[in-house]
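Just so we're clear, the structure is a prediction, and the values are computed from it rather than from any experiment. Numbers here are sequence positions counted from 1.
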Amino acid sequence: MPGDESLTFPDAPRAELDKALAQLVEQASRVMQTQGRLRALVRANRAVVSHLELPTVLRTIVESAVDLVGARYGALGVIAEGVAWSSSSTSA
């Protein structure tokens with residue numbers, strides 16, 4: 001039929017829409033990555049505050065930091081008058 005043409009969109013507005021959608025998907029991906037890092041940080045915080053003894057707290061800090069940044073090794077040392085303490089952690 002002569003009046004039965006398929007719908008098409010002009011190239012410029014379609015390209016703008018495609019670009020906007022790509023930017024939206026990229027931003028959503030960054031938001032999800034950030035959300036994952038925040039959840040890991042909350043888990044690390046809970047692990048640290050669940051202990052009351054200083055050596056346990058410091059060891060938990062080292063282990064959480066190693067996990068958060070994906071390191072193979074972490075260490076922490078505390079030096080104070082009359083006290084020397086250190087902790088290290090190696091990821092599996």
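- Cluster membership for Val57 and Leu76, using ILVMFWY side-chain heavy atoms within less than 4.5 angstrom, is shared.
- Applying the salt bridge (Lys or Arg N to Asp or Glu O under 4.0 Å) test to pairs two or more places apart or on separate chains, those with a residue in residues 28-57 are Glu26-Arg30.
- With values rounded to the nearest 0.5 angstrom, Glu63 atom CD is found 11.0 Å from Leu58 atom CG.
- By the side-chain hydrogen bond (donor to acceptor under 3.5 Å, both in side chains) test, Gln35 is found to be paired with no residue, residues two or more places apart in sequence or in another chain being considered.
- Here the side chain of Ser50 pairs a donor or acceptor atom with the backbone of Ala47 at under 3.5 angstrom.
- Considering all non-hydrogen atoms of both residues, Thr60 and Thr56 come closest at OG1-O, 2.7 Å.
- With rounding to the nearest 0.5 angstrom, the CG atom of Leu68 is 11.5 Å from the CD1 atom of Ile61.
- The hydrophobic cluster around Leu17 extends to Leu21, counting ILVMFWY residues whose side-chain heavy atoms fall within less than 4.5 Å of a member.
- The shortest distance between side-chain heavy atoms of Val49 and Asn45 falls below 4.5 Å.
- Distance check, rounded to the nearest 0.5 Å: OG1 of Thr34 to CG of Leu41 gives 12.0 Å.
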